[in-house]
Amino acid sequence: MKRILTYGTYDLLHYGHIRLLKRAKQMGDYLIVALSTDDFNAIKNKKAYHNYETRKQMLEAIRYVDLVIPENTWDQKIDDVKTYQVDTVVMGSDWKDSERFECLRPYCEVVYLDRTEGVSTTQIKNDLKLQDPINGIDQLPEEKEK
């Protein structure tokens, strides 16, 4: 059985995410997604719109995903590859040549897939003018009085 692993935040799930997961799954038999926790996102100065548990449940509902594990630190990748007996780590091409993933080459194959042009979580958030959750509850932006 060929095991594939990818990492990400997967906030505001969109077609680019689905396309990456589908292509990653096509490379093997079992797809593991290491999902950035809320605490790890804070370390990266990144704020997801949905909390970890919501993002995890969305990923688990996708037919290409076999297992979702937490990504808690930058340094867990080698342990993940060993623990889950990973054959290939797949990431978006924006990570190409990054030491964060190139360091895995002695342990497994590393493949970078092209991103889907024209769609990104950042773009969606900007287009929708989304605000951060209030008191932990996801909110749509309030209408401003004219």
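Throughout, residue positions are numbered sequentially from 1 according to the sequence presented.
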Chi angles and distances behind the side chain to side chain donor-acceptor pair (under 3.5 Å) call for Tyr7, Asp80:
CA-CA 11 Å; Tyr7 290 83; Asp80 290 344; 2.8 Å; yes

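- Remark: the backbone N or O of Val90 is paired with a side-chain donor or acceptor of Thr6 at under 3.5 angstrom.
- The two atoms that bring Ile62 and Ile18 nearest to each other are CD1-CD1, 3.5 Å, heavy atoms only.
- At least one donor-acceptor pair under 3.5 Å links the side chain of Gln76 to the backbone N or O of Pro70.
- Taken to the nearest 0.5 Å, the CZ atom of Arg55 stands 10.0 Å off from the CG atom of Leu12.
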Using side chain to side chain contact (heavy atoms under 4.5 Å, CB included), reason through Ile32 and Ile69 one step at a time and then give a plain yes or no.
CA-CA 7 Å; Ile32 303 163; Ile69 62 172; 4.0 Å; yes

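- Salt bridge Asp94/Arg115: present, at least one basic N to carboxylate O contact under 4.0 Å.
- Between Lys25 and Asp66 there is a salt bridge, with a side-chain nitrogen of the basic residue lying less than 4.0 Å from a carboxylate oxygen of the acidic one.
- Screening Met58, His50, Lys46 for a side chain to side chain contact (heavy atoms under 4.5 Å, CB included) with Asp11, the sole residue that qualifies is His50.
- Hydrophobic clustering keeps Trp95 apart from Leu20 (ILVMFWY residues linked when any side-chain heavy atoms are closer than 4.5 Å, directly or through intermediates).
- Note that the CD atom of Glu71 and the CG atom of Leu5 stand 9.0 Å from one another [nearest 0.5 Å].
- Cation-pi geometry between Arg100 and Trp74 is met: under 6.0 angstrom from the ring centre, within 45 degrees of the axis.
- One finds the OG1 atom of Thr73 at 8.5 Å from the CG atom of Asp79 (value rounded to the nearest 0.5 Å).
- Glu102 has no carboxylate O lying under 4.0 Å from a charged side-chain N of Lys96, or vice versa, which leaves the two without a salt bridge.
- Val65 and Val89 are not part of a single hydrophobic cluster, where members link through side-chain heavy atoms under 4.5 Å apart.
- Two different hydrophobic clusters hold Leu21 and Tyr84 under the rule that ILVMFWY side chains link at heavy-atom gaps under 4.5 Å.
- Met91 and Val81 fall within a single hydrophobic cluster, where Ile, Leu, Val, Met, Phe, Trp and Tyr side chains are chained together by heavy-atom contacts under 4.5 Å.
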With side chain to side chain contact (heavy atoms under 4.5 Å, CB included) as the criterion, how do Cys103 and Lys77 come out once you've worked through the C-alpha distance, each side chain's angles and the decisive distance to 0.1 Å?
CA-CA 9 Å; Cys103 68; Lys77 290 173 181 56; 5.7 Å; no

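- Note that CG of Asn72 and CG of Asp38 are 10.5 Å apart. Values are rounded to the nearest 0.5 Å.
- Taking CG of Leu104 as the start and CD of Glu99 as the end, the distance is 9.0 Å to the nearest 0.5 Å.
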Chi angles and distances behind the side chain to side chain contact (heavy atoms under 4.5 Å, CB included) call for Thr88, Lys2
CA-CA 8 Å; Thr88 305; Lys2 187 171 182 185; 3.3 Å; yes

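- The aromatic rings of Tyr10 and His17 sit tilted, their planes meeting at an angle between 30° and 60°.
- Annotation for Ala24 and Leu113: closest pair N-CD1, 4.2 Å, computed over non-hydrogen atoms.
- The OH atom of Tyr30 sits 13.0 Å away from atom CG of Asp87, with the distance rounded to the nearest 0.5 Å.
- Between Asp114 and Arg23 there is no salt bridge, since no side-chain N of the basic residue sits under 4.0 Å from a carboxylate O of the acidic one.
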May I have the step-by-step check of side chain to side chain contact (heavy atoms under 4.5 Å, CB included) for Val111 and Met27, ending in yes or no?
CA-CA 10 Å; Val111 175; Met27 298 177 74; 3.6 Å; yes

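- Residue-environment remark: CZ (Arg105) exceeds the threshold of 12 foreign heavy atoms within 6.0 Å.
- One hydrophobic cluster, built from ILVMFWY side chains closer than 4.5 Å, cannot hold both Tyr112 and Ile4; they sit in different ones.
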